[in-house]
Every structure is written in C-alpha cells, then in structure tokens.
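Chain naming here is simple, since letters A, B, ... match the order of the sequence lines and numbering starts at 1 in each. Every value quoted in this text rests on a predicted model; they were computed, and no experiment measured them.
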Amino acid sequence: MALRVYNTLTRQKEAFQPIEPGKIGIYACGITVYDLCHIGHARSAIVFDVISKYLQYLGFEVTFIKNFTDVDDKIIDRAHAEGCDIKGITEKYIEAHNRDMDALGVARPTIAPRATENIEGMIRLITTLFEKGLAYDADGDVYYAVEKFKGYGKLSGRNLEDMLAGARVDINEKKRNPMDFALWKASKEGEPWWDSPWGKGRPGWHIECSVMSQRYLGDTFDIHGGGEDLIFPHHENEIAQSEGATGKPLARYWLHNGFVRVNSEKMSKSLGNFSTIQDMLLSYHPEVLRLFVLQSHYRSPVDFSEGSLRDARTGMDRFYTALKTMKDTLASHGGAINEGKDPLTEEHRQVFEKIMTLPERFAEAMEDDFNTAKAIGHLYDAVRILNSFMAEWKNKPASETVYVLVRSREILLRTGAVLGLFLDDPDHYFDADRNREVRKKGLNVEEIEGLVEARRLARAQKDWKKADEIRQALVEKRVSLKDTSDRTVWKIE
RNA sequence: GGCGGCAUAGCCAAGUGGCUAAGGCAACGGUCUGCAAAACCGUUAUUCACCGGUUCGAAUCCGGUUGCCGCCUCCA
C-alpha cells in the first residue's frame, strides 16, 4: 500500500502514514443545523464517506467523527423567526440531515457529537488558552489573540499582514487585533446561554471542533476534512486553538473537497442557487448522485446541472443494465458452477484474467489521492468486458461461464461498494427509476401498460405497422421499449 | 487590494516529464433485431487557452498574457 494524499497544509501530495498502525482517526466538520442540506453538503459527505470506506477496505480501523453545530447565530435567528427555542430547530434539521445521509448511503459517523453537549470542554479549553496568554476577556466576550500564536495563517497560506490588507472584518473596538476571533460570546437578551467564568454566554463557532476532536481522537489525529471554504477562517482558527493549547500538531493531513457550482458559481444558501438533497432524491436514484459526485476528483470544482445529472443517470443505467444481464444470465443457468476443477477455455480465461486485474487498478487509482474518477473509468472498462463476454456466451450455457460471471460479479460489487455503488438490486433499481420518472412526468402507468399490451398483440399477429404506431405514441410520452425474448420492458427516457 | 486554484474533443472528465492523451455522455457507420431498444465492434483531440523559455523529450516544469472561479464575512 502506498497511499498518497494531498495535504492542504503542505500543498502537496504526501505518503500517508497513520499515527497508530492499523488505525485512523478522521474528523470532518459537519453542518450547522438550521436548514435542509443541499447538493454541496452531499458532495462533502459523499467524498469523506468514500475516503472512510476505502481506508476500511484497506483494512484500517477507522474512527470517523462528524459534529453538529447546534448553537449559532443562524440557528438563533431561525428559532426567533419560527417562535421556538433552538432545540426546536436543531432537532428537526439533525433528523432531516440523518435521513438525507442514510438515503445517500453515507455511513453514520462513529460518533456525531453536538456542540451543546461539549460546553464544559470548551470552557476548559478557553481557560487553558487564558493560561497560555492566548485569550483575553472583553466585557464578557472572549477573543483569541492571533498575534500571540506564531503559526497563525499556516494552513491558509497567508500571514497577518496580508489578511489585514484586505480585511473585511467588522470594526469591533473590543478586539485588540481585527483578526482576533471570538472564543466565547456574551449572550444578548433572548439568546441561549451557559454560565462561564466570563459570565453568561455561548461559544464562538470554532472552539467546538477543537474540543470535540481532542475528546474523541486525542491531541493529534490523522485526517481533518471539510469543504474548502472552511480552510479560512474555521480550520485556521481550530489550529490556533488546539495547537496553542497543546503545543502539538492538530492533524497530520488536511483534506478539503471542492465546491459544487451552478453556472460556474458556488452553490450556497446565500446565493439561493441550491437544490436540496431531498428534492434531488425525488428525481434520481441516490447512486446517481454519488456517481455524479465521484466522477470528478474530490478537489476539483464540479458543475451541477440537470443535464449533468441526466448523464450520470445514463451512466448508472449502463452499470445496472450489465448487473441485470448478469443476474438474469445466472438465474437461467442456476447451480452449475465450475469451481475451477475443469480448466477454463482460452476465451473464458482471458476475460477472467482481465476482470481479476480490476481490484489492482482500482486500488492504484484510489491510492493516488482518492482518484475516484479514474477508478470509475476502470469500472466501466470491466463492464464493457463483461457485456462483451455475455453477448458471446449467454445463450451457450457452460459451467465455466457461470463460474466466470459469479466471480466477476463479486469483484465488481466489492469494488463498487467502496464507492457506495451497485448496492441495489438491478430489478429494484430500474423499477424505482421508472416510478420516479412516472411520478415526475405525471404519466399514467395503466395507460402505458395497456399500450404495451396492445403492441404485444399486434406483434404476435405480425402487424408491424400497428405495433410501430403504438411504439411511436409511447415515444412521444418519452417511454422507450425494449423487446426481450419473452416480454417487453419499458422505461422513461 | 491580498492569497490561492482552474483552463484537455460537441459536452463531462482522468492524466502533472518519455509506451498509441483513460473513461462517460452525445453523434455517425456496422453486427444483432420484423423494425427498434439494449449490448457489442468501429469512427470522432498529431493535440492539451495563448505567447515565449528550460529539456534529448512537456498537456505535464518556469515566465508572461487572456479568461473563469474560490477564500479574505456565515458557508460543505
């Protein structure tokens, strides 16, 4: 294994070495729970899910921590707007988030801690920062004195002078340096608060991650991840807090995923150009979303559009068509597996050997900074080889054929599973896809099936003209037909 | 203004010094099919935004130009 990862801290790919052999700790910044998750959140979640799954596939025991920020200005605003307390908001959106992630096939983290469950730890950490001379109290607000931390700016690649030059920070007379950031905020009227040595208040945004990562993963852990917008200020500030307190590096490798864009602009709440995961799942199979995300490298920006999702759907259909053909071929030949006792024919052996190289090529792509796009290219290669093989052999049952298909399918499914793909049953995949499309386009299933049956009768009587007219009528409803030896299946384009 | 990233075929997208520039979508031709669809076979970038440089050799390294994007404020 020669895993190499791009480390934002050093701006280059590095050989990956876990701190403790066989074990890996990952901390990924979660979301602030005040609204539904959109495709951008989905990308980040899918990327780190795949990283975690791949590391487990390599045999590592992975501890994956992803937090919920459940106290913050936006949550408070939302609670005021809806006339409830913050828990009324956070519970609702944590639940929605979990539903979305489950639907996307994103594994639940080992632990999903919440900021509000870690207030004591934050107070302890802030106290330590006071002791180190890195924090100061200003009328109940507590700030971090960035000038006192010599490494400030090392992650984002800038220094304090650069930051001040273009600073767009609020003028705040309480701060000694405009770049100082809040560790603790005095609560205003109507805001949630906790008691602290500095009065009633609530935590600043960054302190929670320093506390929770240390609590569950220790002073120094392997991988810290998040969207690239978190590099500054959030992750920079986490480093200042954690390393300022412990004197040890916070994380060995910093991984950041690129954004989802819409018309070349960042997808975000503030621009209002977002699509929620919930909405997308009404129109597409979750694995289509995963394929869409994983077809680009995780650090590149990816442009979201209806067209690019349709393309991903077509690609996913290609995979499931192959899996369906394999399933049907095996079902029709049930049982007779040649367990390698009889020698394979030359053609069988050649196909089998090509498929056997898939895990190796897959690993080669993945260990180069998780190159899922390349890995998917290898999956398509395997599918083409298998389709070709089946086209040649499916009507000539042979125990070697069954053997090759059974083993090949295992390999395909095992590698696909690392990406969270091919987990559905092919028949279920196509049924669900058809149901989604029918609902979306408001089509009438009985009417379609009636036409399909009418065409079947016409074909049985070799009335090709009538059969083609019916098919043309269906095509106008975007229904496409596929005649197999015993029946006709239809799908929506 | 400061810092950083990107530019590869009609579209999406791998590739970061050296075999014929992955793969997907789309298109076209062929096989199969009553005809289609799916599948398979074949075709589609002598060229990697542009200009210059380094090198025996560059899409890949260096300098410049143009265009796009991100961060510097909450943000995955």
Side-chain angles (χ1 to χ4, degrees), chain A residues 8 11 13 28-32 34 37-48 66 69 72-74 153 156-159 161-170 179 205 225-234 236 256-261 264-271 274 291-292 295-297 299-303 305 307-308 310-319 321-322 324-325 361 365 368 371-381 383-384 386-392 394 459 462-465 467-468 471-472 475 480-484 488-491 493:
Chain A
T8 305
R11 296 183 189 275
K13 283 186 198 170
C29 289
I31 57 158
T32 301
Y34 72 100
C37 290
H38 58 64
I39 303 298
H41 300 112
R43 182 182 194 193
S44 194
I46 289 168
V47 161
F48 288 101
K66 179 175 163 179
T69 298
D72 160 272
D73 291 355
K74 295 206 168 171
S156 52
R158 40 190 123 189
N159 55 47
E161 292 78 66
D162 291 342
M163 292 182 211
L164 289 169
R168 282 194 270 157
V169 286
D170 292 338
M179 296 313 297
W205 173 34
E228 64 180 346
D229 52 351
L230 296 182
I231 295 171
F232 191 89
H234 185 54
E236 195 69 73
H256 293 96
N257 66 275
F259 290 130
V260 174
R261 298 181 186 171
S264 297
E265 274 186 324
K266 176 180 173 178
M267 176 182 284
S268 71
K269 291 278 170 56
S270 44
L271 289 170
F274 60 92
L291 185 67
F292 165 72
Q295 264 175 336
S296 303
H297 187 88
R299 284 189 279 117
S300 307
V302 46
D303 232 89
S305 68
S308 53
R310 300 296 296 183
D311 284 355
R313 173 178 177 254
T314 308
M316 207 63 232
D317 284 358
R318 182 171 167 78
F319 282 123
T321 299
K324 163 92 174 127
T325 311
R361 288 182 296 146
D368 180 18
N371 194 336
T372 53
K374 194 175 191 178
I376 288 167
H378 294 319
L379 292 178
Y380 278 114
D381 283 340
V383 160
R384 185 165 13 80
L386 288 170
N387 278 337
S388 177
F389 174 70
M390 290 188 288
E392 184 74 21
K394 72 175 169 184
R459 291 183 74 228
K462 299 206 188 300
D463 185 347
W464 309 125
K465 186 166 177 288
D468 290 348
R471 183 169 58 198
Q472 188 52 38
V475 164
S480 76
L481 302 178
K482 180 163 140 186
D483 297 327
T484 66
T488 296
V489 295
W490 57 274
K491 68 173 278 192
E493 283 308 313

ask   = In the structure shown, which nucleotide is the Watson-Crick or G-U wobble counterpart of G4(B), with both distances under 3.5 Å?
value = C69(B)
inquiry  = Taking only the C1' atom of each, what is the distance from C71(B) to G64(B) in whole angstrom?
reply    = 25 Å
message = Distance check, C1' atoms only: G63(B) and A27(B), in whole angstrom units.
response = 41 Å
query = Nearest-Å distance, CZ (R299(A)) to C1' (G70(B))?
reply = 15 Å
query = Counting only Watson-Crick or G-U wobble pairs whose two distances fall under 3.5 Å, which nucleotide matches A21(B)?
reply = none
key: Any-strand Watson-Crick or G-U partner of A36(B), both distances under 3.5 Å   = none
ask   = Under 4.0 angstrom, heavy atoms only, what part of the nucleic acid is T325(A) near: base, sugar-phosphate, or nothing?
value = nothing
ask   = Do the side-chain N or O atoms of K462(A) get closer than 4.0 angstrom to the phosphate oxygens (OP1, OP2) of C35(B)?
value = no
message = I want to confirm an ordering. Mapping K13(A) and D303(A) to their closest nucleotides on RNA chain B, which one lands closer to the 5' end?
response = D303(A)
ask   = NA contact type, F259(A), heavy-atom cut-off 4.0 Å: base, sugar-phosphate, or nothing?
value = base
task = Name the pairing partner of C28(B), where a pair is Watson-Crick or G-U wobble with both distances under 3.5 Å, or state none.
result = G42(B)
List, one per line, each side-chain donor-acceptor pair under 3.5 Å for residues 37-44 of chain A, sequence neighbours excluded.
from   : atom 1 : to      : atom 2 : distance (Å)
H38(A) : ND1    : G40(A)  : N      : 2.9
H41(A) : ND1    : H38(A)  : N      : 2.9
R43(A) : NH1    : G258(A) : O      : 2.9
R43(A) : NH1    : F259(A) : O      : 3.0
R43(A) : NH1    : S300(A) : O      : 2.8
R43(A) : NH2    : H297(A) : O      : 3.0
R43(A) : NH2    : Y298(A) : O      : 3.3
R43(A) : NH2    : S300(A) : O      : 2.7
S44(A) : OG     : N257(A) : OD1    : 2.9

inquiry  = Within the 4.0 Å heavy-atom criterion, would you say G307(A) contacts the bases, only the backbone, or no part of the nucleic acid?
reply    = nothing
task = Specify the separation, in whole Å, of atom CZ of F292(A) and atom P of C11(B).
result = 17 Å
inquiry  = Could you tell me how far G24(B) sits from A13(B) if I compare only their C1' atoms? Round to whole Å.
reply    = 8 Å
ask   = Any sub-3.5 Å donor-acceptor pair from S388(A)'s side-chain atoms to R384(A)'s backbone N or O?
value = no
ask   = With respect to the phosphate group of G70(B), does any side-chain polar atom (N or O) of S264(A) fall under 4.0 Å of OP1 or OP2?
value = no
ask   = For N387(A) and A38(B), what is the distance between atoms CG and P respectively, to the nearest whole Å?
value = 12 Å
key: Length of the NE2-C1' vector between H234(A) and U73(B), whole Å   = 15 Å
query = 5'-most contact on RNA chain B: I39(A) or W464(A), nearest heavy atom basis?
reply = W464(A)
Candidate list R471(A), Q472(A), K465(A), test side chain to side chain contact (heavy atoms under 4.5 Å, CB included), partner D468(A), passing option = R471(A)
query = How would you label the contact of N371(A) with the nucleic acid (heavy atoms, under 4.0 Å): base, sugar-phosphate, or nothing?
reply = sugar-phosphate
key: K482(A) side-chain proximity, nearest of A39(B), A38(B), A76(B)   = A38(B)
request  = Let me know the distance between CZ of R158(A) and P of G1(B), rounded to the nearest Å.
outcome  = 16 Å
query = Under 4.0 Å between a side-chain N/O of N257(A) and OP1 or OP2 of A76(B), yes or no?
reply = no
message = Are T69(A) and Y34(A) packed together at the side-chain level, in the sense that at least one heavy-atom pair is separated by less than 4.5 angstrom?
response = no
task = Please answer whether the main-chain N or O of A373(A) pairs with a side-chain N or O of Q295(A) as donor and acceptor at a distance below 3.5 Å.
result = no
inquiry  = Heavy atoms only, 4.0 Å cut-off, all strands: where does V260(A) land among base, sugar-phosphate and nothing?
reply    = base
query = Which nucleotide, in any strand shown, forms a Watson-Crick or G-U wobble pair with A76(B), with both distances under 3.5 Å?
reply = none
ask   = Is a donor on one side and an acceptor on the other found under 3.5 Å between the side chain of E236(A) and the backbone of S156(A)?
value = yes
message = Is the shortest side-chain heavy-atom distance between K491(A) and E493(A) below 4.5 Å?
response = yes
inquiry  = When the P atoms of A37(B) and C28(B) are compared, how many Å lie between them, rounded to an integer?
reply    = 10 Å
inquiry  = Would the base of A76(B) count as contacting R43(A) through its side chain, where contact means a donor and an acceptor less than 3.5 Å apart?
reply    = no
task = Determine the Euclidean distance between corresponding P atoms of C48(B) and C41(B); express it in Å to zero decimal places.
result = 30 Å
key: Sugar-phosphate only, base, or nothing, as touched by H297(A) at under 4.0 Å among non-hydrogen atoms   = sugar-phosphate
Restricting to nitrogen or oxygen on both sides, can you table the protein-nucleotides 23-25 of chain B pairs closer than 3.5 Å?
from   : atom 1 : to      : atom 2 : distance (Å)
C25(B) : O2'    : D311(A) : OD1    : 2.9

remark   = Taken to the nearest whole Å, CE/M179(A) to C1'/U73(B) is 10 Å
ask   = Can you tell me if D368(A) uses its side chain to pair, donor with acceptor, with the backbone of N371(A) under 3.5 Å?
value = no
query = Contact class for I231(A) (heavy atom, under 4.0 Å): base, sugar-phosphate, or nothing?
reply = nothing
inquiry  = Nearest to the side chain of F232(A), heavy atoms from C-beta on, is which of A76(B), C40(B), C72(B)?
reply    = C72(B)
request  = Quote, to the nearest angstrom, the C1' distance that separates G2(B) from A26(B).
outcome  = 43 Å
query = Rounding to the closest angstrom, what is the interatomic distance between C51(B) and U8(B) at atom P?
reply = 16 Å
inquiry  = Over all strands shown, is G40(A) touching base, sugar-phosphate only, or nothing at heavy-atom distances under 4.0 angstrom?
reply    = base
Nearest listed nucleotide, side chain of P233(A), among C74(B), A76(B), G70(B) = C74(B)
inquiry  = Working to the nearest 0.5 angstrom, can you tell me the gap between D381(A) CG and I376(A) CD1?
reply    = 12.5 Å
ask   = Roughly how far apart, to the nearest Å, are U31(B) and C68(B) at atom P?
value = 49 Å
message = Taking donor-acceptor contacts at under 3.5 Å, does the side chain of D229(A) reach the base of G70(B)?
response = no
message = Over all strands shown, is S308(A) touching base, sugar-phosphate only, or nothing at heavy-atom distances under 4.0 angstrom?
response = nothing
ask   = Within the modelled atom types, does a donor on one side and an acceptor on the other bring the side chain of D483(A) and the base of C35(B) under 3.5 Å apart?
value = yes
key: From A36(B), C69(B), A76(B), nucleotide with atom closest to R261(A) side chain   = C69(B)
inquiry  = If you apply the rule side-chain contact (heavy atoms from CB on, under 4.5 Å), what do you find for V260(A) with F274(A), and how did you get there?
reply    = CA-CA 9 Å; V260(A) 174; F274(A) 60 92; over 6 Å; no
request  = Please tell me if the side chains of W490(A) and K482(A) come closer than 4.5 Å, counting only heavy atoms from C-beta onward.
outcome  = no
inquiry  = Between S264(A) and D303(A), is there a side-chain heavy-atom distance shorter than 4.5 Å?
reply    = yes
note = Answer for the Watson-Crick or wobble partner of C50(B), both distances under 3.5 Å, is G64(B)
task = Under 4.0 Å between any heavy atoms, over every strand shown, what does K269(A) touch: base, sugar-phosphate, or nothing? Just pick one.
result = nothing
inquiry  = Any strand counts, and the cut-off is 3.5 Å on both contacts for Watson-Crick or G-U wobble. Which nucleotide pairs with A14(B)?
reply    = none
message = Does a side-chain N or O of N159(A) approach OP1 or OP2 of C3(B) to a distance below 4.0 Å, or not?
response = no
